[in-house]
Amino acid sequence: MKYVILKSSALLCFQFAEQNGNPLQIFCFDRKEDFNNYLEENEADVHGLPATDKIDAEFVNIGKILPKAGNVPPKVVEDGFFIRHKERFIKVRFADIMWVEASRSYSSLHLKGQSPLLVSYPMADVKQKLPADAFMQIHRSYVVNLNYVEGFIGNILYIDTVKLPISKAHRQDVFSKFIFLDAAKVAPSEKEED
C-alpha cells in the first residue's frame with residue numbers, strides 16, 4: 001500500500017494514494033495517540049502503515065509543502081466585480097445583473113432596478129468574469145442571468161417585459177437549462193361551474 005505521511009507541529013496526516021479503484025484518502029490527527037489508536041482499530045484498512053514511533057524518519061515536514069499561515073492569500077470575494085464609474089470603482093453584484101448586451105467593444109450591463117451600465121469591455125471578456133452556473137450566452141449579442149428568465153415564445157426569451165432573441169446556435173443549450181411541463185390549462189373558476 002502506498003502512503004505519504006505529513007507532519008507539522010500541530011497536525012499529523014497520512015494520505016493513501018489512488019490505487020485499485022480506491023479514491024485518494026487523507027486522514028489527519030492532532031495527537032500521536034489518536035493516530036496510533038486509529039491504526040490499531042483499522043489494522044485491516046491500513047496494513048503496512050507503521051505506528052508513529054516507527055515512522056519518524058519517514059515524516060515529511062508539512063510546513064515545507066503548505067504555505068505558512070501568514071503567507072496564505074486572502075479569500076477573494078466572489079459575489080460580483082468592480083467597474084470604474086466616473087472617479088471611483090463600484091461593485092456590481094452578479095445577482096443584480098439581469099443580462100449583458102454586446103455593443104462592439106463595449107457591453108451594457110442591465111441591472112435589476114437600475115439604469116444600464118456601459119463598460120468598455122467586449123461581452124466575451126465580461127462573460128468570462130460571470131459565474132457559468134448562473135449566466136449563459138443566448139445570442140452573439142446577449143448573455144443572460146438564468147435566474148431572471150420569465151418565459152419563452154418561440155425563439156424569444158423574456159426577462160421582465162424585455163424580449164431577447166435566442167439564436168439557433170444556442171437554442172438547444174438554453175432550453176436544456178430549464179424544466180418544462182406540458183401545456184398549462186386554466187382551471188375553471190367556481191362561477192363557471194354554477
Under 3.5 Å, which donor-acceptor pairs do the side chains of residues 93-106 form with other protein atoms, sequence neighbours left out?
residue : atom : partner : partner atom : Å
W99     : NE1  : H110    : NE2          : 3.4
E101    : OE1  : H110    : NE2          : 3.1

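- Nearest approach of N147 to A134, heavy atoms of both residues: ND2-CB, 4.1 Å.
- The ring pair (Phe, Tyr, Trp, His ring centres under 6.0 Å) search around Y148 returns none, not counting sequence neighbours.
- One finds no salt bridge joining K112 and D160 here, because no Lys/Arg side-chain nitrogen approaches an Asp/Glu carboxylate oxygen to under 4.0 Å.
- Considering only residues two or more places apart in sequence or on other chains, F178 meets the ring pair (Phe, Tyr, Trp, His ring centres under 6.0 Å) condition with F152.
- By the salt bridge (charged side-chain N to carboxylate O under 4.0 Å, His left out) test, R171 pairs with no residue at all, sequence neighbours left out.
- How far CZ of F81 is from NZ of K129: 9.5 Å, rounded to the nearest 0.5 Å.
- Nearest heavy-atom pair, I156 versus P165, reported as atom, atom and distance to 0.1 Å: CD1-CA, 4.2 Å.
- Residue R140 comes nearest to M123 through the heavy atom pair O-CE, 3.1 Å, listed as atom of the first residue, atom of the second, then distance.
- Partners of D133 by salt bridge (charged side-chain N to carboxylate O under 4.0 Å, His left out), not counting sequence neighbours: none found.
- A distance of 9.5 Å separates OH of Y121 from CD1 of I83, quoted to the nearest 0.5 Å.
- H139 is linked by a ring pair (Phe, Tyr, Trp, His ring centres under 6.0 Å) to Y142, counting only residues two or more places apart in sequence or in another chain.
- The distance from the CD1 atom of I138 to the CD1 atom of I159 is 6.5 Å, given to the nearest 0.5 Å.
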